[in-house]
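In what follows, a single structure is set out as structure tokens and then discussed.
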Number of protein chains: 2
Amino acid sequence: MTLAIDFDDIERAAQRLSGVAHRTPVMRSRQADEMSGATVFFKCENFQRMGAFKFRGAYNALSQFTAAQRKGGAIAFSSGNHAQAVALSARLLDMPAVIVMPQDAPQSKLDATRQYLQSLPRSEVLLFDRYTQDREALCRRVAAERGMTMIPPYDHPHVIAGQGTSALELIQEVGALDALLVCVGGGGLIAGCAVAAKHLLPGIAVHGVEPEAGNDVQQSLQRGEIVHIDTPRTIADGAQTQACGQLTFPIVQALVKGVHTVSDAQLVATMRFFAARMKMVVEPTGCLAAAALLEGAIDLRGQRVGVILSGGNVDLVRYAALLHDAR
Amino acid sequence: MTLAIDFDDIERAAQRLSGVAHRTPVMRSRQADEMSGATVFFKCENFQRMGAFKFRGAYNALSQFTAAQRKGGAIAFSSGNHAQAVALSARLLDMPAVIVMPQDAPQSKLDATRQYLQSLPRSEVLLFDRYTQDREALCRRVAAERGMTMIPPYDHPHVIAGQGTSALELIQEVGALDALLVCVGGGGLIAGCAVAAKHLLPGIAVHGVEPEAGNDVQQSLQRGEIVHIDTPRTIADGAQTQACGQLTFPIVQALVKGVHTVSDAQLVATMRFFAARMKMVVEPTGCLAAAALLEGAIDLRGQRVGVILSGGNVDLVRYAALLHDAR
């Protein structure tokens, strides 16, 4: 079976992102090495533009629009990082964008998204009522009416290829790795990273990490088909997906060694570790991969391990409460 | 008048620190540029080993001990970052260390310092009662009894030279700057950074930033002599010094253009900015220089500005409270 992207797609995405996305730093920590027994390299996508890896995929997709598509602009539905990623990419490429968000989305996310769209023509945040309105139908209608191109958060080849540039940069910087740990929501990040990593280092073991409460990809791998679950209750809001994507799942099946899970308590402990020891704000979803290693869900003693920290966007009041309660 | 150090001392310190101290990243932020109207480069000493620039000076000092001094070890009094800096440096250089700390120091700082001293021979944290005991007399007695060399937190040429490597690295990485903003406690960091910066870029304007409640260096510059003040009440605990040093003050007089002040409320706003926008934990003292620029205490519009973020060590519960209350 042919996968949705190959390594060339990631290299071309890296060229498009060069000078636009941040080449995020790789951070090390003696404590992390001691806790895990491994040599750990953290790829810090929390320092990416708009605060998460999502910018890579969104910009890679929008920058490949035809002239006609650019004129119409982009539409996306998201209450999370994908919203800001598409809004910022549209602003940088000077095209209209509509972001469809639930009307009860956190004010900070609404504000941040609106700020990116400011002064862009025919651009706005469209609110919908998640209890009475069909989000996808609303998107399709607006897209058709306004001639906009919809960019999904993960199940799109350009999005997957963009996300893969994160692993590409990590391996370019640190060289050989025995293992790579990546969080799993819809599978866009891990699919892109797995294609990059397995091409550059065929012997590498790529592991996914999901929240305990929402292990749909773990179940899907066991069953050999995409399993749908109810929206999981977890603080890892970026991994509250109900199912892996049609394009991402075959890549995960082909290239990922296994998927592990961590609890919300382990995520909070890891968030606290990053603040206290590494002086970094990492959002709950961004802690998934690190938590598996630092909290013992996976044993990679003696190995050189890359860990993708996917993002740092967390409401400060919520963040403060999580840090405080974790005493 | 001859200053305590010159640029050669900083270059030699950089050689000693090479491969031992982290070459900390320089971070940029579009929002910081927009808020200040300047092009801002943040030198992130919060990502330095043990979480602050203090490691540079302490390691530079301890690594120059004679064989006899190494055998005796180092002693320091500090309840803050200097304690951990000396403890970690002693550990790396495998020499004994005694750190004298007030018995009511935060548990997290006691624990961190003890952890660094673990398994070092003849090393310990010595507690004193700050209401009944004379800290300096205790230090002198222990130093004499055990043959230890006392390393002060700022008023020592090797300490000053070590701190200067931070500005050296910044300028090596980003090139020409019009201005450099540095926090001021006892003056070790700004003295070292001013010597480095004025040597490399003679036209640069070096500005110091103190807490509003403790502007002893500002007063000292006005009077032309070192002014002593009562311990100031400020959340910037690393700048609660009562007076500038005998070695640092002449350097500040000779090379620093001016000293500005910011309020605790401005420090909290800046701490919040770093967490929300740049995903970094910066301690209150570490926010001083940035607060002056971002909160408008100094206008450097149109200029290329370096800002030293001095550290990230803040008790998480206190940090959470400050983030939360700043709503």
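By convention in this document, chain letters (A, B, ...) are assigned in the order of the sequence lines, proteins followed by strands, and residues within each chain are numbered from 1.
Counting heavy-atom neighbours within 6.0 Å of B:R277 CZ, excluding the residue itself, gives a total of 12 or less.
Taking CG of A:L322 as the start and CG of B:L316 as the end, the distance is 12.0 Å to the nearest 0.5 Å. How far OG of A:S29 is from CZ of B:F47: 12.0 Å, rounded to the nearest 0.5 Å. The structure places NE2 of B:H22 at 8.0 Å from CE of A:M27, a figure rounded to the nearest 0.5 Å.
Heavy-atom distances place both the backbone and the side chain of A:N313 under 4.5 Å from chain B. With a threshold of 4.5 angstrom between heavy atoms, B:R30 approaches chain A through side-chain atoms but not through N, CA, C or O. Interface remark: A:Q48 contributes no atoms to any contact with chain B (heavy atom separation under 4.5 Å). Contacts between B:M280 and chain A at a heavy-atom distance below 4.5 Å involve backbone atoms as well as side-chain atoms. Contacts of B:M50 with chain A are absent, with no heavy-atom separation under 4.5 Å from either backbone or side chain. Interface remark: A:Y319 contributes side-chain atoms only to the contact with chain B (heavy atom separation under 4.5 Å).
Looking only at distances, a side-chain donor or acceptor of A:K279 sits under 3.5 Å from a matching main-chain atom of B:G312.
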